[in-house]
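We number each residue from 1, following the sequence as shown.
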Amino acid sequence: MERQRYHTTGGRDRNVAEEARPGEDEFRVDIERIRFSPFFSRLASVTQVIPQAGSGTVIHNRLTHSLKVSAVARSIAITLNNADDGTREAVSRLGGCDPVVVQAAAAAHDLGHPPFGHLGEKELDRVSRQVLRLEDGFEGNAQTFRILTALDSCEATARGLNLTRAIRAAVLKYPWERGEWTGDRASSAARMPRGVGDDVSEGAMKFSAYATEVEEMADVLSAFPAIGKYQQTLECAVMDVADDIAYAVHDLDDFYRSNVLQYTAVSAELGRWLRDHRELAALDSAELDRRRPGHALEAIRRHIGEKDPWIASEEAFRESVERVNRDLVEGLLGVPYDGGLEADRAVTGFTRRWIDRLQASIVVDPDPHIRSGHVRLSQEAWHDVVVLKFVHSRFVLERSDLAVYQRGQTRIIASLVEGFHEWLLDPDEATRIPRRLVDSVEAATQEYSDLYARNPAALGEEGAAGIVRRGRARAVVDYIASFTDAQAMSVNALITGASEEPWEAGRGL
């Protein structure tokens with residue numbers, strides 16, 4: 001089999017050896033394990049960007065997003081395997097690019113997202129660090145790796161899905177732990193990997209493993225000796241690029257169909273910048289006023305120039321704004337969505353054109369910049385994604401009506417963490433705590449105990465005294481992160497005494 005020449009350094013290995021299944025490829029077994037996981041099914045009820053409530057079927061959830069990322073990733077992988085000799089040789093030298101591995105990684109990449117999308121992720125991180133005193137807090141990518149390696153289960157082991165090394169490595173979008181980037185390790189974001197963030201005083205903003213999974217992260221990455229430190233495997237890079245493409249294009253589909261994205265506002269912003277970009281470029285940063293058309297887009301142009309000078313280009317940025325203005329604003333948004341067949345064909349055509357364009361703009365880079373990867377978009381396509389994401393952020397995520405709703409969701413996350421943590425501390429309630437949470441506390445506490453036995457320094461000055469506290473805190477975070485949006489709201493109503501349906505809402509706890 002052609003695929004067999006890849007991952008000869010251990011990418012097909014599992015933590016627990018399993019009997020080979022006749023006619024079954026190891027990677028195909030893994031992708032089915034992920035797809036049959038309850039953590040995967042749950043994604044159908046987790047917010048992608050904006051809530052589905054009141055929008056019917058036109059809004060993506062985390063599951064439909066993951067399926068589309070999987071399709072884009074597979075297409076890119078097949079293209080790379082059928083490319084010219086030089087590209088295929090580079091791909092092979094870097095460890096290979098199996099289409100099933102990238103599909104599996106794409107299916108798994110959002111498993112760790114908590115209720116309420118990125119807002120829920122940010123709030124769960126804040127409260128886990130400030131209230132529960134977990135040093136590495138919460139991060140969706142680290143939670144994904146934890147689900148695959150510890151929280152889910154399969155017939156081979158009660159802890160984790162026992163996936164091959166290649167697929168476990170392919171979900172490590174940010175292959176470091178939170179504390180690896182602290183203090184003055186680098187002078188600016190432009191010299192640190194993408195995702196670390198601007199402020200490293202409390203560690204990296206994004207990372208792929210908590211303290212309890214760091215050793216396993218190192219083990220799976222050891223199967224890819226050609227991949228440098230802080231770099232994704234090639235298959236992970238394909239998944240990451242596919243995620244960017246799907247987010248940039250498919251979510252615009254949502255916003256157009258739901259009439260959230262309006263022609264007038266987007267046209268004013270992009271049109272004014274195109275007309276006045278020279279005058280805007282001459283302004284001092286303090287003079288930029290995001291309330292005025294064109295100013296927010298100019299701020300983004302400056303931002304990418306500061307953080308990504310290795311690829312950012314004023315000319316390429318302007319050309320991307322022109323393309324997006326021509327095809328999205330004047331083309332798609334120029335005709336309001338009315339639910340008819342012609343409107344559906346228009347949005348489908350727009351989506352197909354842009355997906356095809358971006359998929360065809362893939363570059364394999366044997367020696368990437370620290371803020372890039374072995375697989376990336378071309379300079380033109382990279383700027384296209386920047387501009388499309390700007391449209392998302394400026395005209396959807398910054399809407400005040402959405403902000404009001406999100407602030408309420410933030411309070412739910414904090415309330416759940418505090419409520420369940422206080423419950424665990426009440427000795428009179430020990431026999432009434434949900435069994436799943438009790439089991440999670442025992443398992444997480446054992447993980448920290450094992451970690452301390454191997455590496456006492458990993459728990460800092462608190463040492464053994466912090467094992468029980470950390471186990472309890474991590475279990476609460478794991479528990480709440482596994483809720484759907486609706487479950488988080490109904491359980492919060494229960495734990496605050498506001499629910500009128502305690503028996504119904506309490507099922508599944």
Q | Closest non-hydrogen atom pair, Y479 against P434 | A |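 Smallest heavy-atom distance, with atoms named: OH-CB, 3.5 Å.
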
Q. Which of these passes salt bridge (charged side-chain N to carboxylate O under 4.0 Å, His left out) with E26: R21, R33, R12, R165?
A.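 The passing option is R12.
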
**Q.** Donor on one side chain, acceptor on other, S482 and R436, under 3.5 Å
**A.**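 Indeed, the side chains of S482 and R436 share at least one donor-acceptor pair under 3.5 Å.
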
**Q.** Flag for S285-R302: side-chain donor and acceptor within less than 3.5 Å
**A.**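 Yes, side-chain donor-acceptor contact under 3.5 Å.
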
Q | Neighbour count above 12 (heavy atom, 6.0 Å) for R159 CZ | A |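 Yes, the 6.0 Å shell around CZ holds more than 12 heavy atoms from other groups.
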
Q) Does atom CZ of R432 have more than 12 heavy-atom neighbours, drawn from other residues, nucleotides or ligands, at distances under 6.0 Å? A)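 Not more than 12 within 6.0 Å, no.
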
Q | Ring centers of W181, Y230 separated by less than 6.0 Å | A |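 Ring-ring flag for W181/Y230: true, centres closer than 6.0 Å.
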
Q: Apply the test ring pair (Phe, Tyr, Trp, His ring centres under 6.0 Å) to residues H65 and H109: give CA-CA distance (whole Å), side-chain angles for both, the deciding distance (0.1 Å), then the verdict.
A: CA-CA 10 Å; H65 166 72; H109 84 284; 5.4 Å; yes

Q.
Please identify which of these residues, T233, L161, T149, L221, meets the side-chain contact (heavy atoms from CB on, under 4.5 Å) condition with R168.
A.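 Exactly one pass, corresponding to T149.
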
Q: Under the side chain to side chain donor-acceptor pair (under 3.5 Å) rule, collect the residues that match up with E32, sequence neighbours excluded.
A: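 By the side chain to side chain donor-acceptor pair (under 3.5 Å) rule, E32 matches R35.
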
Q. Is it true that D125 and R129 make a salt bridge, defined as a side-chain N closer than 4.0 Å to a carboxylate O?
A.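 Result for this pair is yes, salt bridge flagged.
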
**Q.** Pairing residues for H374 by the ring pair (Phe, Tyr, Trp, His ring centres under 6.0 Å) criterion, not counting sequence neighbours
**A.**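 Expected list: none.
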
